Amino acid sequence: MDKKKILLIGTGGTIASEMGENGLAPELTSEQLLKYIPDLSEICRISCLQLFSLDSTNIQPKHWARIAGAIRERYREYDGFVVAHGTDTMAYTAAGLSYLVQGSPKPIVLTGAQKPIGFETTDSKQNLRDAVTVAVSDMAGVMLVFNGKIIQGTRARKTRSKSFEAFSSINYPLLGMVQDGRIIRYIRPEARAVPQFYDTVNPRVALMKLIPGADCGTAAYLLKRNDALIIESFGVGGLPTYKAGDYYDTVKAGLEAGKIVVMTTQVENEGSDLAVYHVGSSIKRDLPILEAYDMTTEAVCAKLMWILGQTTDRKWVEELFYTPVACDILAGK
Ligand code: ASP
């Protein structure tokens, strides 16, 4: 049987970094990455595409659209795609691609590393090998593969800044593991016969994390400058009421000006449930806000950017927000 055809897309990140005078910077192309693991040619035929060479701190929603566009243009030619990416914003890109390329029957795998590929101790080679192993498999859709874990693209979060065990799957089980070159599958992601591609994102989405005593002027400012505001509140969710009407009125004014407001939680696991406490139930009952439930903040950001790239109609925005895409939301309204 013919070996599968894989496209390795380079975007930068630590995996491709070299040490310079001012620290690590992405220098290596995807072709140069491949030279470190020549044995990959035993399991597939790999072609390379270098889209950009960025520390992922500099990756923006427009770059997600470029990656999605590159995959779209070459979708027929390849059996699977591997995107080598910086770890810092990889969870956002994984979520972004999950919305821009929906229902892909072919695997689209993001990976990267905590240590550059040229270092003596590095996770780069193993992560790339594992990513290619998933890319030649019959796993479907956008996934993040790191330290042996296979994570649904909408569920990934960077939870460790230094160790190899850098990513977790939030509020959703792992799709599987890669061990010694073999996939142990826990879940088979759903796919369509053909993927649906999108190419527009609206980056005018802001995120505000509440802290005790936070001034609601920040929320007003962010609402003025953006089309949507995500408020990461406490616990299962709510807005401060210590100054009567303060947050409530700010959010109400934003909504009346046509902005979208999503309430979520800064607690990593188990999600929001605004109905539980008075501080949440009154805004949920009285205002047309949206609630993230079990979605990750990364997925909420990316989903809003995708939705607002398609429509500004509030009803349609709400409909799309609560419609599950790539298992991003389990709990419902
Ligand atoms: N700063 C790097 C990046 O995100 C970190 C990494 O790749 O691990 O591009």
Side-chain angles (χ1 to χ4, degrees), residues 8-37 40 48-68 70-71 81-98 100 108-132 134-135 142-151 153-170 178 201 203 207 268 296-299 301-302 305:
L8 174 62
I9 302 175
T11 70
T14 292
I15 191 166
S17 285
E18 292 196 314
M19 188 57 87
E21 263 178 30
N22 297 312
L24 292 169
E27 308 278 358
L28 303 177
T29 62
S30 40
E31 240 146 30
Q32 289 170 308
L33 287 181
L34 264 193
K35 294 220 169 86
Y36 283 90
I37 12 182
L40 276 183
C48 293
L49 174 70
Q50 191 65 27
L51 278 186
F52 23 86
S53 291
L54 293 172
D55 187 297
S56 74
T57 302
N58 286 321
I59 296 258
Q60 301 161 53
K62 67 178 182 190
H63 297 107
W64 309 342
R66 275 193 61 196
I67 300 170
I71 293 172
F81 301 83
V82 173
V83 181
H85 193 287
T87 60
D88 291 345
T89 65
M90 196 193 296
Y92 288 90
T93 301
L97 290 180
S98 302
L100 294 179
I108 299 170
V109 186
L110 288 108
T111 197
Q114 294 279 55
K115 294 281 178 236
I117 202 158
F119 279 22
E120 206 171 298
T121 307
T122 178
D123 50 341
S124 298
K125 294 177 199 166
Q126 195 56 49
N127 284 345
L128 261 183
R129 261 197 205 99
D130 290 348
V132 170
V134 175
V142 178
M143 293 162 278
L144 190 153
V145 170
F146 211 95
N147 204 35
K149 289 176 174 173
I150 311 172
I151 302 173
T154 54
R155 292 293 185 171
R157 169 166 296 168
K158 187 170 182 182
T159 48
R160 287 194 173 78
S161 59
K162 295 177 184 170
S163 34
F164 289 174
E165 180 70 358
F167 285 90
S168 302
S169 182
I170 305 297
V178 190
V201 273
L207 170 65
E268 188 155 273
T296 66
T297 296
E298 292 85 338
C301 289
M305 289 177 185

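Values below: all heavy atoms of this structure, side chains included; hydrogens, waters and symmetry mates excluded. All figures in this text were calculated on a predicted structure; none of them were measured in a lab. Read the numbers this way: they start at 1 and go in the same order the structure lists the ligands and their atoms.
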Between Asp55 and Ala25, is there a donor-acceptor pair closer than 3.5 Å when you use the side chain of the first and the backbone of the second?
no

Pair Gln50, Thr29: side-chain N/O donor-acceptor within cut-off below 3.5 Å
no

Does a side-chain N-to-carboxylate-O contact under 4.0 Å join Glu165 and Lys149?
yes

Gly13 heavy atoms, cut-off 4.0 Å: which ligand 1 atoms fall inside?
7 (O), 9 (O)

Ala113 and ligand 1 - part of the residue with a heavy-atom distance under 4.0 Å
backbone

Polar contact flag, side-chain donor to acceptor under 3.5 angstrom, His85-Thr11:
no

With side chains defined as the heavy atoms from C-beta onward, is the minimum distance between Thr93 and Val83 less than 4.5 Å?
no

Give yes if a backbone or side-chain nitrogen or oxygen of Thr87 is under 3.5 Å from a nitrogen or oxygen of ligand 1, and no if not.
yes

Suppose I only count heavy atoms of Thr14 and a 4.0 Å limit; which atoms of ligand 1 are within that range?
2 (C), 5 (C), 6 (C), 7 (O), 8 (O)

Asp88 to ligand 1: N or O pair under 3.5 Å?
yes

So, is Ser56 polar-close to ligand 1, with some N/O to N/O distance under 3.5 Å?
yes

Between Thr89 and ligand 1, does any nitrogen or oxygen pair lie at a separation below 3.5 Å?
no

Close-contact set for ligand 1 against Gln114 heavy atoms, below 4.0 Å
8 (O)

Side-chain donor or acceptor of Asp123 paired with backbone N/O of Gln114 under 3.5 Å
yes

